[in-house]
**Q** 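What follows is a structure written as C-alpha cells; I'll ask about it next.
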Amino acid sequence: MLKIYNTLARDKQDFQPLIPNTVRMYVCGMTVYDLCHLGHARVMVVFDMVYRWFKASGYDITYVRNITDIDDKIIKRAAQNGESIHALTQRFIDAMHEDADALGVQRPDHEPRATQYVQQMLDMIAKLEAHGLAYQSEDGDVNYAVRKFEGYGKLSGKSLEDLRAGERVDVAEGKHDPLDFVLWKHAKPDEAAEVQWDSKWGKGRPGWHIECSAMGSDLLGERFDIHGGGADLQFPHHENEIAQSEGAHQCQYVNYWMHNGFVNVDKEKMSKSLGNFFTIREVLKKYDAEVVRFFILRAHYRSPLNYSDAHLDDAKGALTRLYTALKTTGEVGSAKVGDWNEAYAQRFKAAMDDDFNTPEAVAVLFDLANEVNRTQSPASAAQLKALAGVLGLLQRDAQVFLQGGVGEDGLDDAAIAAQIAARVAAKSAKDYAEADRIRKALLADGIVLEDTAAGTSWRRA
RNA sequence: GGUGCGUUAGCAAAUCGGUUAUGCCCCGGAUUGCAAAUCCGGUUAGCCCAGUUCGACUCUGGGACGCACCUCCA
C-alpha cells in the first residue's frame, strides 16, 4: 500500500485514488521568463520520479504540469528585451524542455499554458462572483474575498489573524481586506495588447493563482487526487487555489497535497531574489546530467538538499560505483522489473511505497550492486538496471558513462588506446617503470587505468 | 511576533523502541608486478536536559541552535 505525506493532513496517509487504479496529478510548473535553476530541476525530477513510480505500480496516471506564460515578471522582462511576450516565453519554454530532457524528466501528459485557458479562468471568476466570493474594486481589479471562504488557511495551517500579524506588504488600494488576492488585473494604459483580454469586468489579465485552479479542473476535473509543487507554494498559492476551486465548485479540490523541499546553498534557499542560484545548464557544464538527477533522488523529496560541488562530486563517485558493477557483467539490456517478489525488488518497492523514500531505494541499489560484484550474476545485474530504471537511472551503457566526460577537451579515445597499447608492450617486456610512467601520465590527464584478466580498461576520473 | 520543519558518525543521508542502513572518506586483509576496480573486515553517530520503559537515536516534556513560510518564488 502506497503511503503519501499529505501536507493537508500533516501526516503520511494511505493513498486511495478517487477512481480505482487511476491517478490524476497536477504540479505547479515554471513561470517562463528566465532559465530554470536547480530548484526547478528538483521539482521536475521529484515529480517525474513520482510519475514513474505510479506507472511502475500499474496505475493509469494523468500528469499535468502547467506553464505560466503571462505575469508581471514576464511582461517586465519582455519590455526590457524589446521582445514580444510570446517570443520570450517560447524561448524559455524551449530551454526548459532541453534542461528537463537532459535530466531524464519525462514530459507530463499535459503542459497547459495559462494564456490558452483565459476563458476557463473567466468562467471560474464569474462563478466565484456569483457565489459572493469575488468582487470588483473601484480600480477595476477583481479580488477574492478571503473572509467569505470558510477554511481559508487549512493547508498552510495559518489563521487569518496570524497572517495579519505578520503582514509586511503594503495593502493594495481597493481591497476589502488586506488578505484578499487578485483574480483579474485590469489593463493598464501602457500595456501591450498582447497582455489584454476582454472580460465582463473590462480588459485585463488573470491573476496568478486562478491559472492553476482553472487549468487543473479543466484537464483533471473539479476534484482530483494529487497536487504538488515546491514547499514555497504552500502559501499563498496553494491556499488560494483551494479557496478558488472549492469556492467555485463547492466540492473538495484535491485529496493529497505534496510539497518538495528546497535546494539550498550554504543552508539558504536557492532563489532568484537572493541571487544564489545556479541554472541547470550551468551545472550541466560541470556535471553529467545523470549525476545531477542521482544527486536529487538520493535525498528524500521533502528534505532540504544542500548544493555544493563537493556534494555533486560525492554523487558522481557513488553513481560510478553502480555503473562499475554493471560494466563488469557486460550489457544486460534494459528490461523492466519482471518479478516484484524478488528480495531486492521487494525492498525497493517497500521503500518507494513509503512516501517515495528514494534514499532507501537507492541504498537497495547499492546492496544489489554488491551482490552483482560478488556473484557476477547476469540476473542480478539485470535486476539492478531494471530497478534503477524505475528511477530513471542507470539506463546508459556503462562504458559510455564511465568514459564520458563533461565539457572535457582532454585525450581522445585513439590517443588513450595508443598509450594503453604502449603500456601493455612495456608490461610484457617487464618494464614496469615505463608501464607505471604511462599510467601516471594518463592519470594526470584524468584517465584511470584498470588492469583486469580481460585486459586493460579505462575510465575518466 | 505567528506558524511549520529540522538537528544522526569526517562529509552526505535513511530506517528503526532492543539486531550491519547506504555512498564517499579513513584503517587492516585478500587480489594485483605495483596500482585501480572488486571482495572481506574495521574505526567514526544520534544537539542539550528531564521523563516514560527491562531497554530510547527512535516515544513524551522542556531548552538551545538552524531553516522555511507569513511578499513574487519550485
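All heavy atoms count here, side chains included; hydrogens, waters and symmetry mates do not. Chain naming here is simple, since letters A, B, ... match the order of the sequence lines and numbering starts at 1 in each.
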**Q** Taking A/K327 first and then A/E450, would you say they form a salt bridge - that is, a charged N and a carboxylate O separated by under 4.0 Å?
**A** yes
**Q** How far apart are the C-alpha atoms of A/K427 and A/E434, what are their side-chain angles, what is the distance that settles it, and do they pass the salt bridge (charged side-chain N to carboxylate O under 4.0 Å, His left out) test?
**A** CA-CA 8 Å; A/K427 271 176 68 179; A/E434 173 63 5; over 6 Å; no
**Q** Nearest whole Å is fine: how far is B/A68 C1' from A/K269 NZ?
**A** 8 Å
**Q** Do A/F262 and A/M270 come within less than 4.5 Å of each other through their side chains, counting heavy atoms only?
**A** no
**Q** Atom CG of A/L160 and atom C1' of B/U3: how far apart are they, to the nearest Å?
**A** 13 Å
**Q** Considering every strand and a 4.0 Å limit on heavy-atom distances, what is the contact class for A/V362: base, sugar-phosphate, or nothing?
**A** nothing
**Q** Please confirm whether the ring centroid of A/H209 lies under 6.0 Å from the ring centroid of A/F181.
**A** yes
**Q** Do the side chains of A/D71 and A/R205 get close enough for a salt bridge, i.e. N-O under 4.0 angstrom?
**A** no
**Q** With a 4.0 Å cut-off, would you call A/K3 and A/D353 a salt bridge?
**A** no
**Q** Which whole number of Å gives the distance between the C1' atom of B/A30 and that of B/A36?
**A** 15 Å
**Q** Rounded to the Å, how far apart are A/R10 CZ and B/G6 P?
**A** 11 Å
**Q** Under 4.0 Å, counting only non-hydrogen atoms across every strand here, what does A/M44 touch: a base, just sugar-phosphate, or nothing?
**A** nothing
**Q** Does some side-chain heavy atom of A/M121 sit less than 4.5 Å from a side-chain heavy atom of A/P206?
**A** yes
**Q** Give a yes or no on whether a salt bridge exists between A/R77 and A/D72, defined as a side-chain N under 4.0 angstrom from a carboxylate O.
**A** no
**Q** Mind calculating the distance between CG (A/L368) and P (B/A21) to the nearest angstrom?
**A** 20 Å
**Q** Specify the separation, in whole Å, of atom CG of A/N264 and atom C1' of B/A68.
**A** 9 Å
**Q** Name the residue closer to the 5' end of RNA chain B, choosing between A/L233 and A/D367 according to the nucleotide with the nearest heavy atom.
**A** A/D367
**Q** Could you check whether A/G229 gets within reach of a base, just the sugar-phosphate, or nothing at all, counting any heavy atom under 4.0 Å?
**A** sugar-phosphate
**Q** Please check if the number of heavy atoms outside A/K148 that lie under 6.0 Å from its NZ is greater than 12.
**A** no
**Q** What interatomic distance, in whole Å, is found between P of B/G1 and the corresponding atom of B/U8?
**A** 25 Å
**Q** How far does the C1' atom of B/C26 sit from the matching atom of B/A12, given to the nearest Å?
**A** 16 Å
**Q** Should the pair A/D141-A/K185 be classified as a salt bridge under the 4.0 Å nitrogen-to-oxygen rule?
**A** no
**Q** Taking the C1' atom of each, how far is B/C59 from B/U52, in whole Å?
**A** 8 Å
**Q** What nucleotide, of B/U15, B/A74, B/C70, holds the atom closest to the side chain of A/E360?
**A** B/U15
**Q** Round to a whole Å and report the spacing from CG of A/L391 to P of B/A14.
**A** 15 Å
**Q** Which part of the nucleic acid, if any, lies within reach of A/H300 when heavy atoms closer than 4.0 Å are counted: base, sugar-phosphate only, or nothing?
**A** sugar-phosphate
**Q** Can you tell me how far P in B/U43 sits from the matching atom in B/C27, rounded to whole Å?
**A** 15 Å
**Q** Is A/D180 salt-bridged to A/R147, going by a charged N under 4.0 Å from an acidic O?
**A** no
**Q** Can you tell me which stems RNA chain B forms, taking runs of 3 or more consecutive Watson-Crick or G-U pairs with both distances under 3.5 Å?
**A** B:1-7 with B:64-70, B:10-12 with B:22-24, B:26-30 with B:38-42, B:47-51 with B:59-63
**Q** Please determine whether a side-chain nitrogen of the Lys or Arg among A/K73 and A/D34 lies less than 4.0 Å from a carboxylate oxygen of the Asp or Glu.
**A** no
**Q** Have a look at A/G261 and say if it touches a base, only the backbone sugar-phosphate, or nothing, with a 4.0 Å heavy-atom cut-off.
**A** base
**Q** For A/D71 and B/C72, what is the distance between atoms CG and C1' respectively, to the nearest whole Å?
**A** 8 Å
**Q** Select base, sugar-phosphate, or nothing to describe what A/D354 touches, counting heavy atoms under 4.0 Å on all strands.
**A** nothing
**Q** On RNA chain B, check which nucleotide each of A/G39 and A/A299 is closest to and give me the residue with the more 5' one.
**A** A/A299
**Q** Give the table of side-chain donor-acceptor pairs shorter than 3.5 Å for residues 287-295 of chain A, with sequence neighbours excluded, one pair per line with atom names and distance.
**A**
residue, atom, partner, partner atom, Å
A/Y287, OH, A/D309, O, 3.2
A/Y287, OH, A/D313, OD1, 2.9
A/D288, OD1, A/E290, N, 2.8
A/D288, OD1, A/R396, NH2, 2.6
A/D288, OD2, A/R396, NH1, 3.2
A/D288, OD2, A/R396, NH2, 3.1
A/E290, OE1, A/Y323, OH, 2.9
A/E290, OE1, A/R396, NE, 3.1
A/E290, OE1, A/R396, NH2, 3.0
A/E290, OE2, A/Y323, OH, 3.1
A/E290, OE2, A/L394, N, 2.6
A/R293, NE, A/L391, O, 2.9
A/R293, NE, A/G392, O, 3.4
A/R293, NH1, A/D48, OD2, 3.1
A/R293, NH1, A/L103, O, 2.9
A/R293, NH1, A/G104, O, 3.1
A/R293, NH2, A/D48, OD2, 2.7
A/R293, NH2, A/L391, O, 2.9

**Q** Give one of base, sugar-phosphate or nothing for A/K73, where a contact means two heavy atoms less than 4.0 Å apart.
**A** base
**Q** One thing to verify: whether A/R302 and A/D355 come together as a salt bridge, which I'm taking to mean a side-chain N less than 4.0 angstrom from a carboxylate O.
**A** yes
**Q** Return all side-chain donor-acceptor pairs below 3.5 angstrom for residues 24-33 of chain A, not counting sequence neighbours, or 'none' if the list is empty.
**A**
residue, atom, partner, partner atom, Å
A/R24, NH1, A/L220, O, 2.9
A/R24, NH1, A/R223, O, 3.3
A/Y26, OH, A/N66, OD1, 3.3

**Q** To the side chain of A/T31, which of B/C70, B/A14, B/A74 is closest?
**A** B/A74
**Q** How far does the C1' atom of B/U53 sit from the matching atom of B/G6, given to the nearest Å?
**A** 26 Å
**Q** I'd like to know if A/E246 pairs up with A/K154 as an ion pair, taking the criterion as any Lys NZ or Arg NE/NH1/NH2 lying under 4.0 Å from an Asp or Glu carboxylate oxygen.
**A** yes
**Q** Between the base of B/C72 and the side chain of A/K272, is there a donor-acceptor distance below 3.5 Å?
**A** no
**Q** I'd like to compare against my own output: the B/S/- annotation of nucleotides 32-48 of chain B with a strict under-4.0 Å heavy-atom distance to protein.
**A** -BBBBSSSS--------
**Q** Could you go over nucleotides 8-12 of chain B and give all protein N or O partners under 3.5 Å, atom names and distances?
**A**
none

**Q** Using the P atom as the point on both nucleotides, what is the distance between B/C57 and B/U7, in whole Å?
**A** 15 Å
**Q** For the pair made of NZ in A/K154 and C1' in B/G4, what is the distance, rounded to whole Å?
**A** 19 Å
**Q** Among B/U22, B/G23, B/A14, which nucleotide has an atom closest to any side-chain atom of A/A363?
**A** B/U22
**Q** Looking only at atom C1', what distance separates B/A14 and B/G46, rounded to whole Å?
**A** 13 Å
**Q** Does A/R91 come within less than 4.0 Å of A/E83, counting only side-chain N to carboxylate O?
**A** yes
**Q** With a 4.0 Å heavy-atom cut-off, tell me which residues in residues 94-105 of chain A come close to RNA chain B, sorted by residue number.
**A** none
